[in-house]
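Below: the structure, in structure tokens.
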There are 2 protein chains.
Amino acid sequence: MRSKSSPDSIPEAPRRAADRIRDTAFDLFYREGIRAVGVEEIVSQAGVTKPSLYRAFESKDELIAAYLRDYDQRFCERFEAPGADHPDDPKAHLLAYVDRLSRRASRDGYRGCGLTNAVIEYPDHDHPAHQVAVESKQNLRERLREMCRAMGARDPDELADGLLLLIEGSYVSGQTFGDGGPARMLGVMARRLIDASM
Amino acid sequence: MRSKSSPDSIPEAPRRAADRIRDTAFDLFYREGIRAVGVEEIVSQAGVTKPSLYRAFESKDELIAAYLRDYDQRFCERFEAPGADHPDDPKAHLLAYVDRLSRRASRDGYRGCGLTNAVIEYPDHDHPAHQVAVESKQNLRERLREMCRAMGARDPDELADGLLLLIEGSYVSGQTFGDGGPARMLGVMARRLIDASM
DNA sequence: CAGAGTACGTACCGATCGGTAACATTGTCA
DNA sequence: TGACAATGTTACCGATCGGTACGTACTCTG
């Protein structure tokens with residue numbers, strides 16, 4: 001059940017330096033923001049040293065890009081996961097994701113979507129962070145269109161964009177309002193939009 | 001028509017250092033992000049020097065807070081402006097704002113809402129930037145509720161939150177997708193939500 | 001015209017930023 | 001035992017960060 005070749009049951013921590021850096025950077029970048037976190041803080045909290053970081057990543061920007069690719073992967077898993085409970089029912093799949101997001105985003109301490117946050121922190125289109133994040137969002141838009149098509153919407157692209165607005169709105173409003181924020185209405189609003197678009 | 005006591009018609013630039021700093025900081029903070037802009041860049045682009053900045057503002061954080069208060073004021077003006085064309089018609093007022101936002105947010109180079117961006121750049125609830133931005137957003141939420149009440153919605157608070165999700169979603173999606181992004185659907189989605197809530 | 005404020009600039013501070021060079025240490029596998 | 005890869009250690013780099021001590025020029029008032 002546990003990883004490879006550990007002699008016996010050491011539960012945490014001794015993994016490769018590159019992995020620990022990646023995990024620590026993920027947490028810090030997500031929680032505190034990318035620009036707010038220096039490489040010094042990352043390596044010290046990861047229990048490694050700076051040269052180890054620069055042996056694994058050629059620059060901070062590359063580490064940021066790696067973080068965002070990791071984030072995108074975890075996001076896709078979280079987005080697709082509810083599909084297992086609703087095979088061949090894209091509407092139920094989407095609503096299941098939306099309902100889970102609604103709950104997460106209307107609790108205190110919610111930090112939104114790491115990819116959305118990255119676009120805002122790095123408005124420069126040439127920056128790798130911006131590029132990775134935007135590409136992920138374009139994939140999400142396409143995926144939503146696909147689902148809206150599959151659920152037989154009148155104008156699937158239009159509905160997909162409406163849902164995307166609600167979802168992105170939940171990411172950011174969750175951070176702004178915390179507990180009891182507008183994100184708690186995401187589920188009913190998504191249903192209302194879907195119902196009005198069939 | 002022009003300001004006070006200029007000897008004659010000098011059209012631009014010689015104003016007080018504090019004002020030039022405030023204006024320059026506004027543009028730079030908004031376009032490039034707050035953390036991305038150093039005080040050095042602000043003063044040099046404003047054509048003044050650092051001590052002038054620190055005579056007018058006691059710290060960078062205070063300048064940031066001033067920027068966000070300015071932003072909030074301009075936002076309120078932009079939000080209320082369409083009301084002049086639609087006295088006693090909150091629905092038309094709201095839709096007029098929404099339609100203008102929709103156009104702005106689906107053009108290339110759009111940078112979203114400075115207040116929303118600030119919440120994301122400063123997740124720490126104790127930071128003045130976070131506090132000013134959140135307070136402004138709470139005011140907006142209350143204003144939307146008021147308008148939804150006035151337009152006779154079934155559940156005004158619920159509708160207000162739905163509209164807020166769409167609006168915030170447009171702010172961030174505008175930055176992510178640029179031209180032809182989902183924000184161009186804001187108008188039709190807002191109408192659909194309103195119609196389904198009466 | 002003297003003198004006091006006011007408004008601003010010159011030059012600098014220590015701290016931190018991202019990033020690196022050189023070398024010592026460890027664990028692994030042959 | 002020896003070679004190799006991975007990591008740690010230490011000390012450092014130039015640039016930039018936010019912030020300030022201090023001198024100077026203008027203007028308003030007596």
Side-chain angles (χ1 to χ4, degrees), chain A residues 3-10 12-26 28-29 32-68 118 121-122 124 126-130, chain B residues 3-8 10 13-26 28-29 32-68 118 121-122 124 126-130:
Chain A
S3 60
K4 54 201 168 181
S5 82
S6 1
D8 200 47
S9 83
I10 293 142
E12 218 55 71
R15 292 136 38 227
R16 308 291 274 256
D19 296 336
R20 313 193 51 189
I21 290 166
R22 209 159 170 140
D23 291 357
T24 306
F26 191 103
L28 287 174
F29 283 158
E32 302 183 15
I34 300 174
R35 294 199 118 110
V37 174
V39 293
E40 191 66 55
E41 191 181 348
I42 294 171
V43 297
S44 86
Q45 185 155 327
V48 300
T49 55
K50 244 195 288 190
S52 287
L53 193 158
Y54 285 97
R55 276 187 283 256
F57 303 92
E58 67 173 26
S59 66
K60 187 194 178 185
D61 281 356
E62 258 312 304
L63 176 60
I64 295 169
Y67 152 62
L68 292 173
E121 281 203 87
Y122 292 90
D124 177 2
D126 295 334
H127 196 285
H130 189 95
Chain B
S3 61
K4 54 202 169 180
S5 83
S6 2
D8 200 45
I10 293 142
R15 294 139 34 230
R16 308 293 272 254
D19 296 336
R20 313 194 50 190
I21 290 166
R22 209 159 170 140
D23 290 357
T24 307
F26 191 102
L28 287 174
F29 282 158
E32 301 183 15
I34 301 174
R35 294 199 117 109
V37 175
V39 292
E40 189 67 54
E41 191 180 349
I42 294 171
V43 296
S44 86
Q45 185 155 326
V48 301
T49 55
K50 250 194 282 191
S52 289
L53 193 158
Y54 285 98
R55 273 185 287 263
F57 304 91
E58 66 173 27
S59 65
K60 187 194 178 185
D61 282 356
E62 258 312 304
L63 175 60
I64 295 169
Y67 152 61
L68 292 173
E121 281 202 87
Y122 292 90
D124 178 2
D126 295 335
H127 196 285
H130 189 96

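Order of the sequence lines fixes the chain letters, A, B, ..., with proteins taken first and strands second; residue numbering starts at 1 for each chain. Computed from heavy atoms alone, side chains included, the values below leave out hydrogens, waters and symmetry copies.
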For this session: Rounded to the nearest 0.5 Å, what's the gap from CD1 on Ile34(A) to CD on Glu121(B)? Could you check?
Result: 10.5 Å
For this session: Provide the closest heavy-atom pair for His130(B) versus Asp124(B) in the form atom of the first, atom of the second, distance.
Result: CB-O, 3.2 Å
Problem set entry | Atom-to-atom span, CD1 of Ile34(A) to P of dC17(C) - whole angstrom | 16 Å
Problem set entry | Between dT16(D) (C1') and Glu40(A) (CD): distance, integer Å | 16 Å
Seminar exercise, completed: Between CZ of Arg16(B) and P of dC26(D) the distance, given in whole Å, is 16 Å
Problem set entry | Nearest-Å distance for atom pair CZ/P, residues Arg20(B) and dA7(C) | 16 Å
Problem set entry | Validation row: Val43(A), Val48(A) side chains within 4.5 angstrom (heavy atoms) | yes
Exercise. For Ile42(A) and dC17(C), what is the distance between atoms CD1 and P respectively, to the nearest whole Å?
Worked result: 11 Å
For this session: Kindly point out which of dG8(D), dT10(C), dA6(D) is positioned nearest to the side chain of Thr49(B)?
Result: dT10(C)
Seminar exercise, completed: Closest non-hydrogen contact found for Leu63(B) with Leu53(B) is CD2-CD1, 4.1 Å
Exercise. Looking only at heavy atoms, what is the nearest atom pair of Val37(A) and Lys60(A), with distance?
Worked result: O-NZ, 3.0 Å
Exercise. Should the ring pair Tyr67(A) and Phe29(A) be called parallel, tilted or perpendicular, given that the plane angle runs from 0 to 90° and is split at 30 and 60?
Worked result: tilted
Exercise. For residues 50-66 of chain B, which residues have at least one heavy atom under 4.0 Å from DNA chain C?
Worked result: Pro51(B), Ser52(B), Arg55(B)
